[in-house]
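These numbers were taken from a predicted model, which means no experiment stands behind them. In each ligand, atom 1 is the first atom listed, and ligand 1 is the first ligand listed.
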Amino acid sequence: MRRQISTILLTAALVGGLTACGGGDEAGSGSDDGKITLGFSQVGAESGWRTANTKSIQESAKTAGIDLKFSDAQQKQENQIKAIRSFIQQKVDIIAFSPVVESGWDTVLKEAKDAKIPVILTDRAIDSPDTSLYKTFIGSDFIEEGKKAGDWLVKEYASSTDPVNIVELQGTTGSAPANDRMKGFGDVIATEPKFKIVASQTGEFTRAKGKEVMEAFLKSNPDIDVLYAHNDDMGLGAIEAIEGAGKKPGTDIKIITVDAVKDGMQALADGKINFIVECSPCSAHNSWNWSKRSTPAKPSKPA
Ligand code: GZL
């Protein structure tokens with residue numbers, strides 16, 4: 001439901017962006033039946049969150065009577081750049097995209113600007129200093145999401161003075177959610193020396209890669225207390241690896257994830273994930289803590 005609202009907001013922004021920047025006939029030519037044509041370049045289909053996001057965008061565009069040209073980049077920046085260039089050639093009225101990584105967009109966005117086609121960033125931001133390259137950004141505060149994850153961990157281990165060994169499954173390298181969720185979490189746990197990130201590597205936001213990297217973490221780190229995964233899908237893959245190693249996820253190794261997709265919430269209800277930070281452009285600060293499920297932190301050894 002929330003994702004529907006966010007994409008209806010997107011639709012409103014699209015229409016607003018179009019009229020605000022006079023997207024008249026000198027920009028996109030629109031479709032023959034006078035509908036707004038929107039070129040949308042999606043990151044890919046790497047996670048449950050992304051699949052739901054795509055569904056919302058397609059449904060909301062249909063409801064708004066927008067002619068949607070949709071492209072799936074399979075998590076490759078070069079595919080998104082190609083798609084944006086194709087939308088420019090097709091003279092769409094407006095372009096929207098979720099940038100797979102933060103940098104490397106200035107050239108193609110300047111081409112859209114020169115073609116007088118407004119661009120809207122959705123879900124993920126870019127790091128270009130030239131904010132004239134896009135009309136607006138609709139997305140979540142990923143640093144806040146990482147902070148929420150860290151805040152929960154600090155509370156969960158408040159009564160323990162023992163070292164807490166953490167492994168981190170990062171999202172796609174160079175992406176805004178990976179960079180910012182790492183920063184938000186890292187800044188909070190840096191306040192307490194007992195927390196130590198013993199390994200941190202990208203799991204590319206996918207279940208399969210999350211499982212593969214967690215298997216490697218388990219082999220090289222015998223004493224892992226906590227997994228922080230930048231999304232549910234990597235956390236769910238890691239659960240398979242943890243169980244494969246004969247350990248109990250949520251008990252032997254506490255797990256924090258971000259998103260709150262259906263499968264993640266089921267793992268939370270089953271006690272395999274301890275804390276999930278919800279990720280939705282409309283309510284970036286919600287989080288779910290099946291508190292009666294979380295087992296107390298390890299009792300601290302006498303000083
Ligand atoms: C966050 C979004 C992230 C999700 C992942 O807004 O960009 O990308 O957290 C998805 O599940 O792959």
Side-chain angles (χ1 to χ4, degrees), residues 2-7 9-10 13 40-57 72-77 79-80 96-103 105 120-127 134 136-149 168-185 201-211 213-214 227-239 255-268 273 275-288:
R2 285 200 179 93
R3 231 158 267 135
Q4 286 283 0
I5 297 169
S6 64
T7 37
L9 276 179
L10 164 62
F40 191 97
S41 168
Q42 180 60 294
V43 167
E46 73 283 359
S47 66
W49 189 100
R50 186 67 55 201
T51 308
N53 180 249
T54 290
K55 188 164 171 278
S56 288
I57 286 160
D72 174 333
Q74 287 149 7
Q75 290 226 76
K76 291 189 175 67
Q77 180 172 30
N79 289 347
Q80 289 200 290
F97 75 117
S98 172
V100 61
V101 291
E102 286 192 293
S103 49
W105 301 101
I120 290 183
L121 302 181
T122 80
D123 171 32
R124 296 182 184 179
I126 62 175
D127 60 8
Y134 53 90
T136 190
F137 162 63
I138 304 173
S140 297
D141 181 342
F142 301 133
I143 292 180
E144 175 65 19
E145 292 169 352
K147 187 180 169 309
K148 280 223 162 257
E168 180 179 30
L169 285 170
Q170 299 170 22
T172 304
T173 304
S175 68
N179 292 337
D180 292 353
R181 286 172 185 168
M182 182 159 29
K183 174 171 171 42
F185 181 78
Q201 193 180 324
T202 183
E204 295 168 7
F205 280 131
T206 68
R207 219 178 271 212
K209 194 71 183 166
K211 179 180 178 188
V213 175
M214 189 67 200
L227 163 66
Y228 170 46
H230 292 180
N231 81 334
D232 293 351
D233 291 72
M234 294 189 291
L236 293 163
I239 284 171
I255 299 180
I256 307 165
T257 66
V258 185
D259 275 352
V261 295
K262 196 159 164 278
D263 290 350
M265 294 300 280
Q266 185 54 58
L268 185 82
I273 291 179
F275 186 74
I276 301 184
V277 179
E278 182 179 5
C279 170
S280 158
C282 287
S283 59
H285 306 312
N286 278 13
S287 54
W288 303 84

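- At a heavy-atom distance under 4.0 Å, only side-chain atoms of Arg181, from C-beta outward, approach ligand 1.
- Between His230 and Glu168, the side chains place a donor N or O and an acceptor N or O closer than 3.5 Å (distance only, hydrogens not considered).
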Test Phe97 against Thr122 for side-chain contact (heavy atoms from CB on, under 4.5 Å), laying out the working first. CA-CA 6 Å; Phe97 75 117; Thr122 80; over 6 Å; no
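- Distance from atom 6 (O) of ligand 1 to its nearest protein heavy atom, with residue and atom name: Asp123 OD1, 2.3 Å.
- Applying the 4.0 Å criterion to heavy atoms of Phe205 picks out, from ligand 1, the atoms 5 (C), 12 (O).
- Close approach to Pro177 involves these atoms of ligand 1, each under 4.0 Å from a residue heavy atom: 7 (O).
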As a quick check of understanding, evaluate side-chain contact (heavy atoms from CB on, under 4.5 Å) for Thr257 and Ile255, giving each step before the final call. CA-CA 7 Å; Thr257 66; Ile255 299 180; 3.8 Å; yes
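- Interface of Phe142 with ligand 1, defined as ligand atoms under 4.0 Å from a residue heavy atom, comprises 1 (C), 6 (O).
- If you number the atoms of ligand 1 from 1 as listed, the ones under 4.0 Å from a heavy atom of Ser47 come out as 5 (C), 10 (C), 11 (O), 12 (O).
- When only interatomic distances are considered, the shortest N/O to N/O separation between Arg50 and ligand 1 falls below 3.5 Å.
- Using 4.0 Å as the threshold, Cys279 has a heavy atom nearer than that to some atom of ligand 1.
- Here the straight-line distance linking atom CD of Gln80 with atom CH2 of Trp105 works out to 4.0 Å at 0.5 Å rounding.
- The nearest heavy-atom contact from the protein to atom 3 (C) of ligand 1 is Arg124 NH2, 3.7 Å.
- Between Val258 and ligand 1 there is no heavy-atom distance shorter than 4.0 Å.
- Considering backbone and side-chain atoms together, Asn231 places an N or O closer than 3.5 Å to an N or O of ligand 1.
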Walk me through it: do Thr172 and Glu46 pass the test side-chain contact (heavy atoms from CB on, under 4.5 Å)? CA-CA 10 Å; Thr172 304; Glu46 73 283 359; 5.7 Å; no
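- Note: no N/O pair closer than 3.5 Å links Ser140 and ligand 1 by distance alone.
- Atoms CG and CD1, on Asp232 and Ile276 in that order, are 4.5 Å from each other to the nearest 0.5 Å.
- Of all the heavy atoms in Ala267 and Ile239, the pair that sits closest is CB-CD1, 4.2 Å.
- The protein non-hydrogen atom at the shortest distance from atom 12 (O) of ligand 1 is Glu46 OE2, 2.5 Å.
- Closest to atom 9 (O) of ligand 1 among all protein heavy atoms lies Asp259 OD1, 2.7 Å.
- A side chain to side chain contact (heavy atoms under 4.5 Å, CB included) with Asn231 is found for one member of Ser47, Pro177, Cys279 and no other, namely Ser47.
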side-chain contact (heavy atoms from CB on, under 4.5 Å) assessment of Gln42 paired with Asn53: CA-CA 9 Å; Gln42 180 60 294; Asn53 180 249; 2.9 Å; yes
